[in-house]
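Have a look at the structure below before the remarks.
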Number of protein chains: 2
Amino acid sequence: MLSRKNGMPLWRQIYLKIEADVTSGVFEPGQKLPSESEFTNLFSVNRHTIRRAMGALTDDGLVRVERGRGAFVREPVINYPVSSRTRFSENLTRQHRAPGNVLLMAVDTEADVAVAEALDIKEGEIVTRITSAGEADGRRVSYSNSFFPRTLFPGIVRIFREFGSVTRTLSHFGVDDYSRKRTRIISRMPTKEEAGELHQPKSRPVLITESINVDETGTPVEFGICLFASDWVQILVEPS
Amino acid sequence: MLSRKNGMPLWRQIYLKIEADVTSGVFEPGQKLPSESEFTNLFSVNRHTIRRAMGALTDDGLVRVERGRGAFVREPVINYPVSSRTRFSENLTRQHRAPGNVLLMAVDTEADVAVAEALDIKEGEIVTRITSAGEADGRRVSYSNSFFPRTLFPGIVRIFREFGSVTRTLSHFGVDDYSRKRTRIISRMPTKEEAGELHQPKSRPVLITESINVDETGTPVEFGICLFASDWVQILVEPS
DNA sequence: ACCGATTTGTTCGTATGTATA
DNA sequence: ATATACATACGAACAAATCGG
């Protein structure tokens, strides 16, 4: 299998072998690779030789290594385009992925300062909060809270349950077109709850977009806070 | 000199030391560096630790090693006297740069896959890399690498140092207007090196924008990778 | 909350091969 | 031919992060 005579270093031969297994699908995206010690036994070489190969694979973006956990085949990232007209499910369908939006919770609550300011209403006014999770290819990629002013959309929860999408729900209330007024993008470590919702370790950061959608008249109709698993999602800002 | 307690690996500390000596001119371009065994004695570490640092320096294009002969400072085509505090003056928001930028390094290097693809050139073609850091209120907020195709902008570094701004530098080359083709935004944990450059703990995530600027004809003129300290920076996407 | 097992990261030690001066 | 210097590889130990019970 490995040759110590043909001039090609062992680590390079191992690199090529693993690379072939990754690109050919023997190891699938996201899958955990054998540990260094397992590879050591498999190839009958020293751990450093394995590490040299893994380092090169990491540099070349084929694998991702997490200390204390293992090495994983890098998943192709999911693009999340942001423009003035952004729809989550549309973004994903455009990439031929199966989008899934799971409604987790829907409650009426009082608007706190941030929500009130975003929706241009008074603090304490009742808003409907819809919590949902986004999935793509069976992977949890987002966790979002959307706030709607209840006075504008009474009974929005039932409609949302029925249609399962923000666009069609708002359309039901006569808001046929809305656009993104502004998007704020930040990044931080997740809380334990957030990490749990995103099915990711709490040691990995999350990407967060805070956006305000307004109707044709400029009235805010939705304030959304969306958390993305940063390992799997990148945000693409395209000129509109 | 070296610390075994501060969390930064010895090889990285050595890397930074040698890098500083190279960029500051203690070791001049083309000059032979001390041998591995000499470095071993100088730093009182194992030869492998030196080799790790030299490997990184090689990867980053600062030195070039010749088997059986030694390691040498890579000669940039243009010789840059290192006055490491060059100020960007104006029009910085366009490059996602905060006021108070310092030029850290400018070297000609070979384009890797990502850079080549972004600039629409061949891998290995020479590009000019300008590394700089942004500061605001005395706090390090960004660390960026910009890549320019050298064939389009020969001697860009001297011009850049003269004008101090990307806009005016490109204008000198006849690129009077350029625009952002696309911006990719991701977030991840920083490497220790990146955390060091950003003067932030390595436990805080970084926001990263990768952008491509093109001229009127659509030809890529700059590829920039900018890291932000996510604790201090948020990205605002507003409709244009 | 703690402990032990697993896994990756770093460092030192050693040996052998190969290219160059 | 010998010495120097880089390249590769193996072995051992410990540190740091993760995960399960």
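Labels below follow one simple rule: chain letters A, B, ... track the order of the sequence lines, proteins then strands, and each chain is numbered from 1. No experiment lies behind these values; they were computed from the predicted model shown.
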Interatomic distance, A:Arg12 CZ vs D:dA9 P [rounded to whole Å]: 12 Å
Starting at CD of A:Glu66 and ending at C1' of C:dT6, how long is that distance when rounded to a whole Å? 15 Å
Under 4.0 Å between a side-chain N/O of B:Arg47 and OP1 or OP2 of C:dC12, yes or no? no
It should be established whether B:Thr49 places a side-chain nitrogen or oxygen under 4.0 Å from OP1 or OP2 of nucleotide C:dC12. yes
Any salt bridge between A:Glu75 and A:Arg64, counting N to O under 4.0 Å? yes
State whether A:Arg51 places a side-chain N or O below 4.0 Å from either non-bridging phosphate oxygen (OP1 or OP2) of C:dT8. no
Nearest-Å distance for atom pair CD/C1', residues A:Glu36 and D:dG11: 15 Å
Any side-chain N or O of B:Asn46 less than 4.0 Å from the OP1 or OP2 oxygen of C:dG13? yes
Between C1' on D:dA9 and CG on A:Leu2, what's the gap in Å once rounded to a whole number? 13 Å
Taking for A:Pro9 and for A:Arg69 the nucleotide of DNA chain D with the nearest heavy atom, the one nearer the 5' end belongs to A:Pro9
Can you figure out which of C:dT7, D:dA9, D:dA16 approaches the side chain of A:Arg67 most closely? D:dA16
Interatomic distance, B:Leu33 CG vs D:dC6 C1' [rounded to whole Å]: 13 Å
Taking atom P of D:dA5 as reference, at what distance in whole Å does atom CD1 of B:Ile50 sit? 14 Å
Apply the test side-chain hydrogen bond (donor to acceptor under 3.5 Å, both in side chains) to residues A:Ser37 and A:Ser35: give CA-CA distance (whole Å), side-chain angles for both, the deciding distance (0.1 Å), then the verdict. CA-CA 5 Å; A:Ser37 68; A:Ser35 71; 3.2 Å; yes
Charged N to carboxylate O under 4.0 angstrom, A:Arg188 versus A:Glu194? yes
With respect to B:Ile50, which candidate in B:Thr40, B:Ile18, B:Leu42 satisfies the side chain to side chain contact (heavy atoms under 4.5 Å, CB included) definition? B:Thr40
In whole angstrom, what separates A:Arg64's CZ from C:dT7's C1'? 15 Å
Under 4.0 Å between a side-chain N or O of A:Arg52 and OP1 or OP2 of D:dT8? yes
Say you draw a straight line from CD of A:Glu210 to SG of A:Cys226; how long is it, rounded to the nearest 0.5 Å? 11.0 Å
Nearest-neighbour nucleotide for the A:His48 side chain, D:dC19, D:dA15, C:dC12 considered: C:dC12
How many whole angstroms separate atom CG of A:Leu10 from atom P of D:dT8? 10 Å
